[in-house]
Amino acid sequence: MNTVTDKLNAKQYLEHLMSERENGRGSKRDINIISTILTRYVEISPHIQEMYNQLSKPQMNRFIDLVIDSVALTEPNEALKVRKEYKELKSINEKIGKLAFELAELIDKRSEIQEYSSFTSGTYYSVFQLVAESAPQNYEFQMYLKEKLQSTVGSIDSRYYPSISETINQLGIDAMNAEVETTSEIDYMLINSKRPSFADQIRAILHAIEFSKQNDGYIDFRIPDEFHIPTKALVAFVNVAFNLDADSMIDEVQVRNARRKFKEILVPSQ
C-alpha cells in the first residue's frame, strides 16, 4: 500500500502522527504518548537503526503504531479498569445465580400454598403467561408473536411446559456455570497477570507484534514472521513510551521474564 508515509523514517513518521493528532485526528492520550517518544527519541534511535536490518520503513512505522496502541491500552488506569470489569462480571454472575435459586424456591413455596390452601394471589401461573405480558412496548412481539404464543399455550396443557420456577432455576444454573471470556488477547494477558506491573506493557507490545504478523493484510507494512525484537530494543521502547524515570526503568531481566510469561499465557502448559 503506497502512501506518503511509506517514505518517512521513524522520527519523521512520529512527527507526522503528532501533526495529525494536533489537528484533531486522535486523542489527547495519543498526543501525550507520541510527545513522550519524540522527547526521548535519542534513547531509542540506535535500536531503531538496528531494527531497520529486519524491517522496512513502512514496517517500522507500523511497529511504532503498535507501540502507541499498546501503551494506550495498557496504561495503569486502563489495566485496573480491565481487571475490575473482569472481577465485577464474575461477581454479578454469582449473585444472579444465588438470587435465581432463592427466587425459584420462593415461587415453588408460593405455588404450594396456593395449591393446598384456600388462598390465592392471582399471580402468573405459567412461563408463557409471563412472557406474553413482559413486552408491552415491543411492537413486533405484540403484532406478530403474542397471538401465536397464546394459541400454542391454549392448545397444549401447561404441564408439558417448564414452570416459572424451573425456568428461573435454569437461569441460576446458567449464571453459576458461566465462564468469563474476552475477545481481546491484551485483556486476557492483563487478567492472567498476578498483579499490575510493567510486564503487562511488555507483553502487550509482544502481542501487538504477533497480531500484525497474523492479521495485517498488507504485506508492505505487516511485521514479517521472522522478525524478533531485540531485548535491548524492547527495554528501550518500554522505558521511553511509558516515560519511566531512572528509579522505575525496566531492565533486560524483566523483559526476558515477560517474554517467558507471554509464551506461557498464549500457549498454556498441558
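Between Phe141 and Val131, the shortest heavy-atom contact is CZ-O, 3.8 Å. The minimum heavy-atom distance linking Ala241 with Ile33 is given by the pair O-CG2, 4.4 Å. Here the closest non-hydrogen pair linking Ala135 and Gln142 is O-NE2, 2.8 Å. The two residues Gly97 and Ala175 make their nearest non-hydrogen contact at N-CB, 3.8 Å. Closest approach of Asp108 to Ser165, counting heavy atoms only: OD1-OG, 2.6 Å. Scanning both residues, Glu43 and His47, for their nearest heavy atoms gives O-CD2, 3.4 Å.
Under the 3.5 Å distance criterion, the side-chain polar atoms of Asn61 are matched with a main-chain donor or acceptor of Leu8. Distance alone, capped at 3.5 Å, places no donor-acceptor pair between the Arg203 side chain and the Phe262 backbone. No donor-acceptor distance shorter than 3.5 angstrom exists from the side chain of Gln59 to the backbone of Ile223, with no hydrogens or angles considered. Remark: side-chain polar atoms of Thr36 are paired, donor with acceptor, to backbone N or O of Asn32 under 3.5 angstrom. Panel note: side chain Gln12, backbone Asn9; a donor-acceptor pair is recorded below 3.5 Å. Remark: side-chain polar atoms of Ser70 are paired, donor with acceptor, to backbone N or O of Leu66 under 3.5 angstrom. Judged by distance alone, with hydrogens and angles left aside, the side-chain atoms of Lys109 form no donor-acceptor pair with the main-chain N or O of Ala104 at under 3.5 Å.
Taking a 6.0 Å sphere around NZ of Lys11, one finds it holds 12 or fewer heavy atoms contributed by other residues, nucleotides or ligands. With a 6.0 Å radius and a threshold of 12 heavy atoms from other residues, nucleotides or ligands, Glu147 has its CD atom at or below the threshold.
The shortest side-chain heavy-atom distance between Leu17 and Asp65 falls under the 4.5 Å cut-off. In this structure, the side chains of Phe237 and Ile37 stay at 4.5 Å or more apart for every pair of heavy atoms. Put simply, the side chain of Tyr52 reaches to within 4.5 Å of the side chain of Lys57, judged on heavy atoms. Using a 4.5 Å cut-off on side-chain heavy atoms (C-beta onward), Met60 and Tyr13 make no contact. Residues Tyr41 and Ile48 are in side-chain contact: their nearest non-hydrogen atoms beyond the backbone lie under 4.5 Å apart. Side-chain contact between Gln54 and Pro224 is absent, with no heavy-atom pair separated by less than 4.5 Å. Side chains of Val127 and Ser163 form no contact here, defined as non-hydrogen atoms less than 4.5 Å apart.
Linking ILVMFWY side-chain heavy atoms closer than 4.5 Å, directly or via other members, places Ile164 and Ile113 in two distinct hydrophobic clusters. A continuous path of Ile, Leu, Val, Met, Phe, Trp and Tyr side chains, each step under 4.5 Å between heavy atoms, connects Leu89 with Tyr86, placing both in one hydrophobic cluster. Cluster annotation: Ile96 and Leu130 are assigned to distinct hydrophobic clusters (Ile/Leu/Val/Met/Phe/Trp/Tyr, side-chain heavy-atom contacts under 4.5 Å, transitive). In the hydrophobic clustering of this structure, Phe211 does not group with Ile64; members are Ile, Leu, Val, Met, Phe, Trp, Tyr whose side-chain heavy atoms approach within less than 4.5 Å, directly or through other members. Connection of Ile34 to Ile31 is established within a shared hydrophobic cluster, with ILVMFWY side chains joined at heavy-atom distances below 4.5 Å, either directly or through further cluster members.
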#### Entry: Residue pair Ile173, Asn177: steps toward the side-chain contact (heavy atoms from CB on, under 4.5 Å) verdict
CA-CA 6 Å; Ile173 293 172; Asn177 291 334; 3.4 Å; yes
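Between Asp30 atom CG and Asp69 atom CG the span is 7.0 Å, to the nearest 0.5 Å. Of the inter-residue distances, the one linking Phe128 atom CZ with Thr167 atom OG1 reads 8.5 Å to the nearest 0.5 angstrom. The OG atom of Ser121 sits 3.5 Å away from atom CD of Gln114, with the distance rounded to the nearest 0.5 Å. Atom CD of Glu50 is separated from atom CD1 of Ile44 by 13.5 Å, given to the nearest 0.5 angstrom. In this structure, the separation between OG1 on Thr39 and CG on Asn243 is 8.0 Å, given to the nearest 0.5 Å. Interatomic distance, CZ of Phe221 versus OG of Ser212, reported as 7.0 Å (0.5 Å rounding).
The salt bridge (charged side-chain N to carboxylate O under 4.0 Å, His left out) check on Asp216 picks up Arg62, with sequence neighbours excluded. Not counting sequence neighbours, Ser19 has no partner by the side-chain hydrogen bond (donor to acceptor under 3.5 Å, both in side chains) test. With sequence neighbours excluded, no residue satisfies side-chain hydrogen bond (donor to acceptor under 3.5 Å, both in side chains) with Asn215.
No option in Ile250, Asn239, Ile209, Leu206 other than Leu206 meets the side-chain contact (heavy atoms from CB on, under 4.5 Å) test with Leu234.
Salt bridge status for Asp225 with Lys213: absent, with no side-chain N to carboxylate O gap under 4.0 Å.
Pairs passing the side chain to side chain donor-acceptor pair (under 3.5 Å) check and including a residue from residues 246-259, sequence neighbours excluded, read Asp245-Ser248, Glu252-Arg256. Among residue pairs with one or both ends in residues 87-107, none qualify as side chain to side chain donor-acceptor pair (under 3.5 Å); sequence neighbours excluded. Residues in residues 126-141 take part in these side chain to side chain donor-acceptor pair (under 3.5 Å) pairs, two or more places apart or across chains: Tyr124-Glu133.
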